[in-house]
Every structure is written in structure tokens, then in C-alpha cells.
Amino acid sequence: MCGIIGYVGNKPAMPILINALLSMEYRGYDSAGVALIEQENLRLVRAPGKMANLLKKIGDDHGLATVGIGHTRWATHGAPTEINAHPHLDCQGKIALLHNGIIENYLEIKTKLQAQGHIFRSDTDTEVLPHLLEHYYQGDLGAAMRKVVTELRGAYAIVAICVQEPGKLVAARQDSPLIVGLGDKEFFFASDMAALVEHTREMMVLQNGDVAELCEEGVTVYHNNQKVGRRILHVEWDKEAAQKGGYPHYMIKEIHEQGVALRQTLRGRLERNAAAIDLGELDFSEEYIRGVNKIAIVACGTAYHAGLVGKYALEKMLRLPVEVDIASEFRYRDPLVNSQTLVIVVSQSGETADTLAALRESKKRGAKVLAICNVVASSIALEADYVLFTYAGKETAVASTKAYSTQLMIFYMFAIYLAARLGKLNASEQQKLTEELCALPEKVQQLLSDTEKRIKALTEKLFLEGRQDCFFIGRGLDNYVAMEGALKLKEISYIHAEAYAAGELKHGTIALIEPGTPVIALCTQQSLQEKMISNIKELQARGAYVAGLCFLGNEQIEQVCEETLQVPETIDLLAPILSVVPLQMLAYYAALARECDVDQPRNLAKSVTVE
């Protein structure tokens, strides 16, 4: 979502701020701004829209300021206008501040400050913060920030500068990521490591409740008004890892990276010819495992769809009840969670606000929480009792692809691991599953090379004539993958798409089928194929144009569908890792054909850090 950068050092700050904000464009935003201290004055430049608008306003005048802050904003409180863009100022124009998150009690604070004479200019919750800093400021910005945070309720990563202390940055963090970059006589605050790797690999992740001060001499971190130390991380990946690598868009690059990402997920946990899956990260005791009587999976969006597949695999292998909840609803329905429930939260970024709230609610109720995520230093990873990292590598496109397939791989490995420990999977069954899991990365690469041209041609046939609707159908696991396929098509091509369990269409929705309506029919579950063929026939009788998705060599599906997309054969249970790939490419080429912004679809953000 929003991007933060702060710099103090011995170099001109403006180019550093600009490049960092450009490196975080993938997070999604609708305005941007910078503030720098120049000769005892604040230079503030803000613009609505993309970074190009801000760069136009900045022009060639980068100045010589060596302290500054920058921000890309995704609107929550107030429209995406220049006046609502960050950074915001205090009444005197001496303090500049930016903020990610939401201040829940901002109206209460604003009313108090207005009564004291403070003048507000924007519609944002953020603007209360520089005024509150001004209220407490007595020559020490860090001390003022430590007082400010005692009054706040909500989620925040805050960074501020003050012209009266021109060599200092001050920040605070609560439930919104904030990282310190440690350079050679230069220091950084950022919301994303991608903004820092060009300058340093040494980073420090601030914890909830921390207030940090940066100056040329170093970093000081306070927690509960006491100085504390924080562990320094060395980041291995470099800026090149976030580039497009010759592909026209991040999304298609990341679709093609799925074979490699799946190998990374398997590495160290399952090797070819291995007798068992090694999840050494999990120190589950035998007593704990055998005491779990229910599993609850909580996630949002694509991660929620991965959770539905996870539910199917876990229930099939463990014969335990598994619930799947949308995170934004979970904590408001008084969930039946206790010490005998294992809660699994799934998030690519590890910062999804609703999922993080569900994690905390579950822990309050006595449950152990297992996180499946991709970002090592994320809030969810730090707060969960157990973590299984997907190791998918950096995912830049807003529409998630390799994160989804690696989340599925984690669910399969976890289900096999638990079933084996509980004695619910015999050695031959386990061997068959693990061998096929090891084969999937290569099959994904084969699928990508064999079918991309055909998918592109099919997309043009289905959508270039102005079609605005598409249906995805399936049964069993295919139904859950259909949901992910429909979501991908909607979010990047803006085509209205619906996913249905195939047998459910006749209970009302079939009324929407008319001649030429595109339908993608997933047919990878062999035991349900006859039922699927009947459902396809029902749709064709009403004029639908049906493209089937099946395993290679499935002649029955080829005969009944107008078109087919085929994937390499695997065990039915594992089919979602393969069957989702053509659906991702279908969405990508539909978005291209409609000239949509593939990597940054409208109204969406990569990491949703507000409720």
C-alpha cells in the first residue's frame, strides 16, 4: 500500500527519495510527495496521481538538502488530491510528517487541537499527527514523538522532520511495517526493503511500540521511553531481483517464475527420493498435535482461495474439520476458537491488516497460530507462534501469481507432514504424493512453454469482441481454482467474472447465459468428470461458448468443449498448482488486449494494511 522513505546523511536527499518512491510504485498509490529541510526552511512538493506528476513539479531543482522524507499514498481518509497527499505540516510549517495506516481516534484528537487554535487543511486522519507533535515540541522531536504515540489508537508507521533539528529523522511504528537502513554515515527509514537495497543491505526492523531517531551519528531506538537494541539483518537479494528481467510486465515475469519459486518452497523440506517431508521450522509436540480437534484457516483474496484448497487437502488427509474464513469477517463473528484449535493465517506480504487482526484475536482466545507468508520480517511472521515461509521471492505485480502457487505447495506439504506424524498416511501413499510434489515445478515450466501461445489466441477469441462477462465453473478442487481464475480476470482486465460450483448454476445463475457467453470449465477431477460434462452440456444448450481445462490427452473433454486448455497430468489432489497457471495467463492476455495497467490495476494495492 503506501510507501515511506526517509533519509539523513551526507548526500543530496532528493534523488534518493525519488528513486526509493519509484522502487515502491508496485505497492499501489494515488498521490505522492516529498519534504526536505533546505536552509532552515521546509521544501514541500506534492502531487495527485502517479510519480510522473510529482517529478514534473520537482523539475530539475533537486537542491542540496541532505535530510528529507517521501511518501506514496493510497487514499483512505480524503480523496487523492494534492492537499490530502503526504507529507503534512504543522501550523508553523516547521514540522513535516508522513504516515502509513489509520489513526482510529483522530476525530477526538482533532477536536482537542482545534479548540487550542490549530488550523487543519486536509481531510486526512494523518494531519492530526504534525499538529500533535507541534503541541508537544519543546526542542526535542524524539521526546515529542514519544508523547504523541501515547495518545494514538490505530495502526501507524510515522516519520517526521523538523527545521529546528535539521540533522534528524524521527519515526514510530505500531502494526504497520517500518525498517531502518544502516549505511556509511547515512541512515534511512522505509516501509519496504526494496527502497533500501540500492544503498545498504544492513537493516533493522522496528517493533510495535518503538520510537526511533536517526542522525548522521547513528540510530537510537526507544521502547516505553527506554533505550533498546534491535537485531540487524543482512538482506541477500538485490535490486535486480525486483526488475522485470526482459518481460514486458512484472505479472508475466512472475507467472514464468513459478517453477523456480516452487523449487525454492520445496528446498530443504522435500528433496527427490526423500522418505518424508522435513518441516523443521515447526516444533509441534506430539501432545499438541494430538490435542488439536479443529483447524481454522484465515486469509483474504488470493490467499483465501489458497486456503480453500488447503482445507480440502487437510480434511482429506487428516479427517479433521477445517474451516476457512475471510479475515475481515473472522473476528466479528465471535469465532469458535480455543486452545484445541490450530489457526492458519495466510498472507503474501505478512502485513495484511485484517489477517493480522485475526491472528491477534485467535491468540487472545488461546489458539496457536501458524503463519504461511513470503516476507521474513513481516508483522504476521513476527507475531505468529509458527511460520512456514513460501520463499517465493519478491512478488511485485499487484495481482498475485507465484505467491498463490507456493502457498498451495506449503499446504500440501503441511497436510502430508501432519498426516504422516498422526499415522493417517501410509508409507506408499506418502511416497506417491511426495514424488509428485517434486515433479510439479518441472511440469509448471513445461506447461508455460507449451500453452502460452494457445492461451493468448483463446483470450483474443473470447474477449476482443467486447465481451464484458465470463463464468468459471468446476467441481471439488476445481471450484476453488475457478474462484482464483475469476478473481484474476476481474482484478486486472476489469471483465466481470463469476466462479460457480458447476452444479449450482441451474439454481438461478444459468439465467445469465446467452449465446456466446464465455465459460471456462475446469475438469481435472476425474471422479467428477461425468457430472462436469453434464453441466457443460446444460450451458451449451443455452448458447455458451465453453473452453475446457483438463489433463493432457483427455479426449472426452476435448470432444464436448469448443476449445480446450491442457495441463500435464498429476494426482487430482495436486491439480490446482497446474490448473491455475493457464487462468493466470488468460487474465494477463485479456488485460493486454483491453490495454489495462497489468501490474497496477485501478483501486488496488499490493499489501492491504488497513481494514
Side-chain angles (χ1 to χ4, degrees), residues 1 155 175-177 205 207-208 265 279 281-284 288-289 292-315 318 320-392 395 400 403-415 417-418 480 483-484 606-611:
M1 198 167 284
D175 296 337
S176 194
V205 179
Q207 298 182 12
N208 279 343
T265 307
L279 297 182
E281 310 101 305
L282 305 180
D283 56 349
F284 288 157
Y288 173 70
I289 290 177
V292 171
N293 61 20
K294 185 177 75 171
I295 296 173
I297 299 172
V298 186
C300 302
T302 286
Y304 169 74
H305 296 156
L308 291 169
V309 176
K311 165 189 166 72
Y312 191 101
L314 287 163
E315 284 190 338
L318 302 180
L320 273 178
V322 181
E323 298 176 353
V324 187
D325 269 282
I326 296 169
S328 57
E329 295 293 328
F330 177 77
R331 64 182 171 136
Y332 298 113
R333 70 167 181 85
D334 194 17
L336 297 174
V337 169
N338 56 37
S339 60
Q340 292 179 289
T341 309
L342 173 62
V343 176
I344 303 175
V345 297
V346 192
S347 168
Q348 189 282 137
S349 68
E351 302 294 346
T352 311
D354 290 313
T355 308
L356 186 56
L359 179 157
R360 291 171 179 159
E361 181 66 25
S362 299
K363 293 185 76 169
K364 281 182 189 176
R365 293 170 182 253
K368 294 288 188 184
V369 178
L370 165 64
I372 297 174
C373 71
N374 191 37
V375 180
V376 173
S378 61
S379 299
I380 285 173
L382 292 171
E383 294 191 30
D385 298 292
Y386 312 100
V387 188
L388 289 172
F389 291 110
T390 56
Y391 300 123
E395 188 179 66
S400 184
Y404 173 83
S405 54
T406 54
Q407 286 163 1
L408 295 188
M409 183 65 84
I410 289 286
F411 270 119
Y412 288 132
M413 285 195 292
F414 181 63
Y417 166 81
L418 269 191
Y480 301 144
M483 294 168 71
E484 175 62 10
K606 183 64 181 172
S607 176
V608 183
T609 54
V610 296
E611 273 196 79

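Bear in mind the structure is a predicted one, so any value in this text is a computation, not a measurement. Because only heavy atoms are used, hydrogens play no part in the values below, and waters and symmetry mates are left out as well, while side chains stay in.
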Next item on the list: For residues Thr352 and Ser347, report the shortest heavy-atom separation together with the two atoms involved.
Entry: OG1-OG, 2.8 Å

Item checked: Residue pair Lys363 / Asp385, side-chain heavy-atom distance below 4.5 Å -> yes

Item checked: Taking every non-hydrogen atom, the tightest pair across Thr341 and Leu336 -> OG1-O, 4.1 Å

Item checked: Cationic N near anionic O, under 4.0 Å, Arg365 to Asp334 -> yes

Checklist line | Stepwise side chain to side chain contact (heavy atoms under 4.5 Å, CB included) test for Leu320 and Leu418 | finding: CA-CA 11 Å; Leu320 273 178; Leu418 269 191; over 6 Å; no

Next item on the list: Enter the distance from Leu342:CG to Asn293:CG here, rounded to the nearest 0.5 Å.
Entry: 11.0 Å

Next item on the list: Side-chain contact test, heavy atoms from C-beta onward, threshold under 4.5 Å: evaluate it for Met483 versus Tyr304 and give yes or no.
Entry: yes

Check: Is the shortest side-chain N to carboxylate O distance from Lys311 to Glu315 below 4.0 Å?
Finding: yes

Next item on the list: Look at the side chain of Glu351 and the backbone N and O of Ser379, then say whether any donor-acceptor pair between them is shorter than 3.5 Å.
Entry: yes

Margin query: Checking the side chain of Glu395 only, and the main-chain atoms of Ala403 only, is there a donor and an acceptor separated by less than 3.5 Å?
Written below: yes

Checklist line | Any Tyr412 side-chain heavy atom under 4.5 Å of Thr265 side chain | finding: no

Notebook entry, point to check: Which word best sums up how the rings of Tyr386 and Tyr288 line up, parallel for under 30°, tilted for 30 to 60°, or perpendicular for over 60°?
Noted result: tilted

Check: Between atom CD1 of Ile297 and atom CG of Leu370, what is the distance when rounded to the nearest 0.5 Å?
Finding: 9.5 Å

Check: Atom CD1 in Ile410, atom OH in Tyr417: separation rounded to 0.5 Å?
Finding: 12.5 Å

Check: Heavy-atom distance under 4.5 Å between the side chains of Val292 and Phe284, does that happen here?
Finding: no

Item checked: Rounded distance (nearest 0.5 Å) linking atom CG of Leu359 with atom CZ of Arg331 -> 11.5 Å

Notebook entry, point to check: Step by step, would you call Leu388 with Glu281 a side chain to side chain contact (heavy atoms under 4.5 Å, CB included)?
Noted result: CA-CA 7 Å; Leu388 289 172; Glu281 310 101 305; 3.8 Å; yes

Check: Which heavy atom of Phe414 sits nearest a heavy atom of Leu279, and at what distance?
Finding: CA-CD1, 3.9 Å

Item checked: Minimum-distance pair of heavy atoms, taken over all atoms of Ser378 and Ser349 -> CB-O, 3.3 Å

Next item on the list: Determine, step by step, whether Leu308 and Glu484 satisfy the side chain to side chain contact (heavy atoms under 4.5 Å, CB included) criterion, reporting the C-alpha distance in whole Å, the side-chain angles of both residues, the deciding distance to 0.1 Å, and the verdict.
Entry: CA-CA 10 Å; Leu308 291 169; Glu484 175 62 10; over 6 Å; no

Note to self: With side chain to side chain contact (heavy atoms under 4.5 Å, CB included) as the criterion, how do Thr406 and Tyr391 come out once you've worked through the C-alpha distance, each side chain's angles and the decisive distance to 0.1 Å?
What the structure shows: CA-CA 8 Å; Thr406 54; Tyr391 300 123; over 6 Å; no

Item checked: Heavy-atom closest pair, residues Ala358 and Val298 -> CB-CG1, 3.6 Å

Check: Do Thr302 and Ser400 pass the side-chain hydrogen bond (donor to acceptor under 3.5 Å, both in side chains) test, and can you show the C-alpha distance, the side-chain angles, and the key distance before you say yes or no?
Finding: CA-CA 7 Å; Thr302 286; Ser400 184; 5.1 Å; no

Margin query: Minimum heavy-atom separation for Gln348 and Gln407, please, with both atom names.
Written below: N-NE2, 3.8 Å

Check: If you measure from CZ on Phe411 to CD1 on Ile372, what distance do you get to the nearest 0.5 Å?
Finding: 4.0 Å

Note to self: Other residues, nucleotides and ligands only: do more than 12 of their heavy atoms fall within 6.0 Å of NZ on Lys368?
What the structure shows: no

Item checked: Sole residue of Val337, Asp354, Val345 in side-chain contact (heavy atoms from CB on, under 4.5 Å) with Phe330 -> Val337

